[in-house]
2 protein chains.
Amino acid sequence: MARGRGRSWPGRDGCTTIGVMTSKASAPDTPRHPMLDEPPLSLRERKKRRTREAIRREAYRLFRDQGFDETTVEEIAEAAEVSPSTFFRYFPTKEDVVLTDEYDPLIIKLMREGPADATFIEMLRGAVLGPLRVLMEAEREEMVIRMQLMVSVPSLRKRSQLQQTEGWRMLSEAFAERTGKDPADPRLRYAAAAIGSALNEAMLSWAEDGCEGSPADRMEEALDFVETGLRTF
Amino acid sequence: MARGRGRSWPGRDGCTTIGVMTSKASAPDTPRHPMLDEPPLSLRERKKRRTREAIRREAYRLFRDQGFDETTVEEIAEAAEVSPSTFFRYFPTKEDVVLTDEYDPLIIKLMREGPADATFIEMLRGAVLGPLRVLMEAEREEMVIRMQLMVSVPSLRKRSQLQQTEGWRMLSEAFAERTGKDPADPRLRYAAAAIGSALNEAMLSWAEDGCEGSPADRMEEALDFVETGLRTF
DNA sequence: CTCTGAAATGAGAGTAACTCTCAAAAGATG
DNA sequence: CATCTTTTGAGAGTTACTCTCATTTCAGAG
């Protein structure tokens with residue numbers, strides 16, 4: 001085939017839906033979120049950011065109007081006024097336009113600042129649900145479109161990064177580092193995987209029910225449940 | 001693009017790695033496992049089964065010899081002496097050759113026969129880990145190859161059905177039915193998703209460590225952990 | 001302002017995983 | 001043997017990516 005994956009693109013730095021990154025490194029655009037006020041901005045960087053935003057904006061528009069599968073990369077590139085080549089330099093796959101975001105650094109940062117004696121779940125309540133609530137206020141519209149796409153397009157649903165174990169590695173490591181736990185402890189993997197999937201499921205159920213309120217509420221519910229409910233369910 | 005997914009193939013009935021199905025329905029081949037001694041076998045059915053087995057066998061051989069990405073569907077089809085068209089009639093995607101199996105009916109059956117007052121996790125210990133141990137004895141070699149592929153090929157790793165929430169729906173429903181619980185209870189979704197991912201992670205860690213013994217041991221460990229350990233971890 | 005190197009872009013050709021249609025082959029059935 | 005149904009093969013088409021290379025554009029030094 002051709003469907004590339006895991007190569008080494010310039011356009012990304014590796015992050016994802018609601019802060020669960022699939023790390024990558026360097027190049028064209030190193031996305032970071034404004035909420036995490038980053039330093040300066042060279043001309044080149046500004047241009048790259050604009051390009052990335054243009055691609056994403058046009059892509060969402062087309063996805064909304066004619067559907068994800070019905071929109072070709074070529075169309076997106078044309079609408080964003082870049083070449084198809086450039087599109088792929090910014091997003092490794094069409095799916096990544098929807099799945100990628102820039103919140104991971106923020107989450108990691110919050111984890112490093114959290115209480116050193118917190119449990120994994122407690123830490124996540126602060127580092128993931130907190131910013132998510134803010135995010136939903138600030139960019140609700142875009143988030144809603146994303147979530148709806150993720151629910152309705154099978155290929156996106158499956159790749160939802162909240163569900164991708166791999167994406168939780170950095171988060172787990174940050175947690176281990178902060179709390180002094182062994183990063184190689186298999187329980188860390190189990191916990192991250194289990195919780196990630198439960199959160200993902202909570203998000204899906206929120207989207208399926210019409211995207212009312214904040215998904216963070218559902219996620220809170222899911223966290224509470226997996227924290228103590230599995231023994232008796 | 002072309003990468004189809006979720007269409008409506010004739011060749012499958014919907015099942016998956018270690019019994020976590022992505023249901024589908026009807027047609028050419030309705031795979032079932034011998035362990036679940038099914039009734040008769042018409043000439044046509046036997047042929048279909050043979051074809052399916054031939055495809056899988058040749059595919060595994062080629063994957064092992066030259067790698068998953070380096071093997072084209074065309075090569076597999078040729079080795080199995082069928083046309084590429086036929087290949088896709090049996091397996092919706094190349095990945096499914098590795099990800100699909102026929103254990104789901106067995107697991108469902110065991111769940112329906114299990115204790116009606118068991119918790120979800122208890123039920124899984126019996127219905128999933130039990131047969132898995134047997135399976136590992138009976139078809140160890142093939143299972144090991146599958147697992148190794150699933151660990152080493154990124155696209156497979158991500159799609160590992162143990163991780164696919166969707167695949168757990170039927171299992172959840174069987175559980176709800178057996179124990180008289182509400183199948184729409186969101187906690188059922190959370191539980192299935194969380195446990196599925198933890199089990200998947202256990203399997204991966206087993207494969208990464210060289211596939212020694214049975215993955216069921218690791219999975220047992222993971223189940224024990226998510227059952228009670230998340231509150232304090 | 002100019003020169004120089006580095007990074008981003010565009011163009012275009014190539015690969016391979018699917019998709020779809022249709023006619024031919026092969027079991028099933030009576 | 002005749003007919004109906006299901007499976008198969010052939011082949012053409014779409015599109016997501018991949019790779020290479022020439023061109024453009026920014027950065028930084030003089």
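Every chain is numbered from 1, with letters handed out A, B, ... down the list of sequences.
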Output the rounded distance in Å from [atom1] ([X]) to [atom2] ([N]).
X	N	atom1	atom2	result
B:R52	D:dT7	CZ	P	12 Å
A:R50	D:dT25	CZ	P	14 Å
B:F88	D:dG13	CZ	P	18 Å
A:E78	C:dA11	CD	C1'	15 Å
B:D69	C:dA16	CG	P	11 Å
A:E81	C:dG10	CD	P	10 Å
A:R46	D:dC26	CZ	P	11 Å
A:R49	D:dC26	CZ	C1'	17 Å

| field | Position toward the 5' end of DNA chain C (nearest nucleotide), B:E74 or A:S85 | value |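 This one resolves to A:S85.
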Out of [options], which has the shortest distance to the side chain of [X]?
X	options	answer
A:Y90	D:dT18, C:dA17, C:dA8	C:dA8
A:R89	D:dT7, C:dG12, C:dT9	C:dT9
B:S83	D:dA16, C:dC18, D:dG9	D:dG9

| Short side-chain donor-acceptor distance under 3.5 Å, B:N200 and B:S197 | no
| message | With no hydrogens and no angle check, just 3.5 Å: does a side-chain donor-acceptor pair link A:R189 and B:S205? | response |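 Looking only at side-chain atoms, B:S205 and A:R189 do not form any donor-acceptor pair under 3.5 Å.
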| Within the pair B:T86 and D:dT8, is there a side-chain N or O less than 4.0 Å away from OP1 or OP2? | no
| field | Basic-acidic side-chain contact under 4.0 Å: A:E95, B:K158 | value |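 Not counted as a salt bridge, because no side-chain N and carboxylate O are separated by less than 4.0 Å.
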| field | Ion pair check, A:R64 and A:E70, cut-off under 4.0 Å | value |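 Looking at A:R64 and A:E70, the cut-off is not met.
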| query | Does A:R112 offer a backbone N or O that forms a donor-acceptor pair with the side chain of A:R178 under 3.5 Å? | reply | yes
| task | Assess A:R52 against A:F91: is NZ or CZ under 6.0 Å from the centre of the six-membered ring, and within 45 degrees of the ring's axis? | result | yes
Which atom pairs link the protein and nucleotides 26-30 of chain C when you take only N or O atoms and keep those under 3.5 Å?
| unit_1 | atom_1 | unit_2 | atom_2 | d |
| --- | --- | --- | --- | --- |
| C:dG27 | OP1 | B:K47 | NZ | 2.9 |
| C:dG27 | N3 | B:R44 | NH2 | 3.4 |
| C:dA28 | OP1 | B:S42 | OG | 3.3 |
| C:dA28 | OP1 | B:L43 | N | 3.2 |
| C:dA28 | OP1 | B:R44 | N | 3.2 |

| query | A:Y60 vs A:F63 aromatic rings, parallel, tilted or perpendicular, using cut-offs 30° and 60°? | reply | perpendicular
